[in-house]
Peer 1: 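Below are the structure tokens for one structure; questions will follow.
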Number of protein chains: 2
Amino acid sequence: MEGLLTRCRALPALATCNHQLSGYLPRRFPHCAPGRRKRLVLSCLFQPQNLREDQVLPLEGRSGDLTCKSQRLMLQVGLIHPASSGCYHLLPYTVRAMEKLVRVIDQEMQAIGGQKVNMPSLSPAELWRASNRWDLMGKELLRLRDRHGKEYCLGPTHEEAITALVASQKTLSYKQLPFLLYQVTRKFRDEPRPRFGLLRGREFYMKDMYTFDSSPEAARQTYSLVCDAYSSLFDRLGLRCVKVQADVGSIGGTMSHEFQLPVEIGEDRFAVCTSCSFSANVETLDSSQMICPACQGPLTETKGIEVGHTFYLGTKYSSIFNAQFINVHGKPSLAEMGCYGLGVTRILAAAIEVLSTEDCIRWPSLLAPYQVCLIPRRRAVRKRRLQSSWGSSVSHVTAAAALLHCLTLLDSKEQLTLKNLGKGVQKSTYTYVQTLVKTVIEPTPHFQSRCYSTGGGVDLPDEGSYPLITPVHSLSKVFQFQMA
Amino acid sequence: MEGLLTRCRALPALATCNHQLSGYLPRRFPHCAPGRRKRLVLSCLFQPQNLREDQVLPLEGRSGDLTCKSQRLMLQVGLIHPASSGCYHLLPYTVRAMEKLVRVIDQEMQAIGGQKVNMPSLSPAELWRASNRWDLMGKELLRLRDRHGKEYCLGPTHEEAITALVASQKTLSYKQLPFLLYQVTRKFRDEPRPRFGLLRGREFYMKDMYTFDSSPEAARQTYSLVCDAYSSLFDRLGLRCVKVQADVGSIGGTMSHEFQLPVEIGEDRFAVCTSCSFSANVETLDSSQMICPACQGPLTETKGIEVGHTFYLGTKYSSIFNAQFINVHGKPSLAEMGCYGLGVTRILAAAIEVLSTEDCIRWPSLLAPYQVCLIPRRRAVRKRRLQSSWGSSVSHVTAAAALLHCLTLLDSKEQLTLKNLGKGVQKSTYTYVQTLVKTVIEPTPHFQSRCYSTGGGVDLPDEGSYPLITPVHSLSKVFQFQMA
């Protein structure tokens, strides 16, 4: 299987585009130096695989560290590689998936008026002392000093920084609020025992949003708006999250919810009422209380992965840093705040955890690093006539597929059976697998297709199922889908 | 002018898209809660401005720190805000520009076969001890210990990490090479005296690429390929960079070039031969030697900002970490490496430094956070008929312009003269300014336009000058351009 993948080839298309840039064609493909390949192919994809169990176990140092399916699969297929305890190199497939996830998050945040900022990781100690979290966070904070002895921590979250930033704007009017400011950046937390791969690391990507409102009522509206955006995001990803009442923890505030993805390896436990809509993290309930406080019905306990967390903060931070605005009466008033987190790298791993089979990685359709995998059939490839025209056929197909920005092409000239090819591909991370039959060189090329993401009993949402077909109508001339 | 900008309104469109996602329409705009705005407008843009000189000076603590035009303008207009010495909050405009820059970099890197990875900032001390850079880098490395006392630095560059990563792939064949692996991430360097805003910070974004080849000849081909990609990038941005011979410094290797952007405040000095193509950083020349070593012609000295740096490393790092591949004879052989850096946040500031006038920020057309700024004319706005139909006109315009993903709309209902509006807009960061005259409500709305980016004697490349017009033909019905 390893041999297969190194003998095959692929064409990754551009990872990103926008209207302004999408007309741009790379200029160095057609005339790169002699002897150098014209396109990146799968054999040259950097994907350090460790498909055998005895290869993957030593990667994490102690065998006990390999504790869940997503971690094992991601290490096996070459999606991540350990850098140090709780820190991972994200390899090309994962970077593509993460960039797609960040775009979906951007859409959801900007749809509710979110504005993207970017705050430094180096966070001055005085900010954290002001909020008393320099002491409160204890060993979870990674701390350092610069060459002048000044103290910093590596930001695990940025309530202090953003509040000080907004407080620096002296002429803020109530008319300008609410502000919904967010960033997607690396966060740091010195976990006592990092585990589960990307699910609980020490350096990870998080989307954190901070909101500033002119009244408690407005702040609660904003809170609902962000929660709805989170629900919309998880819906689009096909992840059935449960919004549960949660503890405010060290962040503080007066109201908090978690978005929990139910799964057996989850480290959180939450209770759901089967009679009404009540659900809560068990931390917020009396340990003996398994009766719904709303309707007195019985509660069912489930394990989950926390993929999102929301807090209504009130004026906890705005009062410390004096984040004021001029209210409707012309008087200074403290902003009402909320903060909202999404675990970006955690969502990637959690999605793989719940969607994959034991052997095959399945992504949410919107996040699959490559949507399509093309395989030439053995019999077809054998024929000299097809072999000679292989190049032009591939050009034809890739030209159409490049419009999708989502193609991987398996271009095998080896004598491989379709069955073997299929195995290697299954282990990997494609949504669809296309088989090139010999009619690929006919005027109307013919392809057979199989959708892997809907195999294995996984039920993906209709909305995201065929994203690669709809936008480009000319593709129907090239691809004839025969869904499994 | 501040008043103006807080009374006006804008609609930022989605910052990113791809084909798979671009059909998505935000669902919460049309039916958000009563009393909440339906779209983000400029008055609600988070842009802490400090337009008066006495406001901007105290921001950096000591007045001496405000040492160049780009730093002053970016602080004044609210593009950046100081977080701590050498660390900046990137505000919404800057984040948009940076995301556009990263997309252009992605295109250039992927056009030559670059594959994007993402390596942790926390870099274990043992890697740096192996290369001897733990001692060599001295106080420039920011160092810390985790809760178990293990030592790390915050990566200023990642030669050690990437080489150890590639070395972990045991079955690498010469057929798979070259690998061109890159990332766009935050880097850390404890500068003794951070200055010039984003030009010399302690935490900054860098694109770093590392290449692995099977022979010195192949590695030199890759080196040329990456240098050509850098040249192409700067051409597209309209930045006239000079590629000069450079010193290898602490990174090491046998060949190095810098991409220098000539500007008076530049901290590097390089010499250019007026007779032949020779150019070199003066560090590589004898101090007395101002004669071209190639043609004996005279050398002219210029100051520049280093925006890119390339190194041919040979086997310096691959020999330390044993990064091997199986060569054509079936024997293990050390990979030939190169490394290549682009200062991402530095390019943003350097571009503003060279393109802007003393008062007005000018971006490379490809990077302008918003391309278009719409202004209603005072006389037109006064008329009740126009005021009442303002909403539908705006909808009409924004629907067309949303396709561009690049609009800012000034929606003033105040009694402002066009001249005053123009001043505020000039200070800000738009490529085009549209004036809505009263015919906006006619069946074929009429707009007047002025291109600010070509004002002030700045010569932007034709290629990037009208990116917003070409992709959407229907726009010609809405916008009638009258270029200044």
Side-chain angles (χ1 to χ4, degrees), chain A residues 6 14-21 23-24 26 28-29 33 36 40 43-44 46 48 81 83-84 87 89-92 95 103 106-107 110-113 115-122 124 139 142-144 146-147 161 165 168-169 173 175-176 179 181 186 190 203 221 404-406 467 471, chain B residues 6 14-21 23-24 26 28-29 33 36 40 43-44 46 48 81 83-84 87 89-92 95 103 106-107 110-113 115-122 124 139 142-144 146-147 161 165 168-169 173 175-176 179 181 186 190 203 221 404-406 467 471:
Chain A
T6 55
L14 298 177
T16 55
C17 73
N18 75 356
H19 271 279
Q20 188 185 348
L21 303 170
Y24 176 70
R28 276 168 308 291
F29 270 160
R36 299 188 67 80
L40 184 63
S43 63
C44 301
F46 183 63
H81 195 91
S84 65
C87 298
H89 298 298
L90 307 182
L91 301 180
V95 170
R103 281 198 291 272
D106 280 339
Q107 290 175 344
Q110 290 171 19
I112 57 170
Q115 304 182 53
K116 203 170 185 179
V117 297
N118 192 308
M119 294 180 274
S121 291
L122 285 173
K139 289 191 170 176
L142 283 160
R143 296 161 208 247
L144 71 157
D146 70 8
R147 62 163 74 213
L165 174 61
S168 74
Q169 191 167 5
S173 154
K175 293 178 193 164
Q176 293 173 267
F179 283 148
L181 306 175
R186 286 184 187 169
D190 199 352
E203 182 171 346
Q221 278 194 330
L404 300 172
H405 296 267
C406 59
Chain B
T6 56
L14 298 176
T16 54
C17 74
N18 75 355
H19 271 280
Q20 187 185 348
L21 304 170
Y24 177 69
R28 277 169 307 290
F29 269 161
R36 299 187 67 80
L40 184 61
S43 62
C44 301
F46 182 63
H81 195 89
S84 64
C87 299
H89 298 297
L90 308 182
L91 301 180
V95 170
R103 281 198 291 273
D106 280 339
Q107 289 174 344
Q110 290 171 19
I112 57 171
Q115 303 182 53
K116 203 169 185 180
V117 297
N118 193 308
M119 294 181 274
S121 291
L122 285 173
K139 290 190 169 177
L142 283 160
R143 298 160 207 246
L144 70 157
D146 69 8
R147 62 163 73 213
L165 173 61
S168 74
Q169 191 167 5
S173 154
K175 294 178 193 166
Q176 293 173 267
F179 282 148
L181 306 176
R186 285 184 188 170
D190 199 351
E203 181 170 348
Q221 279 194 328
L404 300 172
H405 296 267
C406 58

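In what follows, chains are A, B, ... by sequence order, proteins preceding strands, each numbered from 1.
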Peer 1: So which of L142(B), L122(B), L91(B) has the largest heavy-atom pair count under 4.5 angstrom toward chain A?
Peer 2: L122(B)
Peer 1: Under a 4.5 Å cutoff for heavy-atom pairs, which residue among S84(B), P48(B), P120(B) has the most contacts with chain A?
Peer 2: P120(B)
Peer 1: With a 4.5 angstrom heavy-atom cut-off, which part of S173(A) approaches chain B: side chain, backbone, both or neither?
Peer 2: neither
Peer 1: Do you know which two heavy atoms are closest between S121(B) and E203(A), and how far apart they sit?
Peer 2: N-OE2, 2.5 Å
Peer 1: Indicate yes or no: at least one non-hydrogen side-chain atom of K116(B) is less than 4.5 angstrom from one of P92(A).
Peer 2: no
Peer 1: Please rank V117(A), L144(A), L90(A), L181(A) by heavy-atom pairs under 4.5 Å with chain B and give me the top one.
Peer 2: L90(A)
Peer 1: What are the two closest non-hydrogen atoms of F46(A) and Q115(B), and how far apart are they?
Peer 2: N-OE1, 2.7 Å
Peer 1: Looking at R186(A) and N118(B), what are the two nearest heavy atoms and their distance?
Peer 2: NH2-OD1, 2.5 Å
Peer 1: Starting at CG of L165(A), measure out to NE2 of H81(B) and round the result to the nearest 0.5 Å.
Peer 2: 5.5 Å
Peer 1: Answer with side chain, backbone, both or neither: which region of P124(A) has an atom nearer than 4.5 Å to a non-hydrogen atom of chain B?
Peer 2: side chain
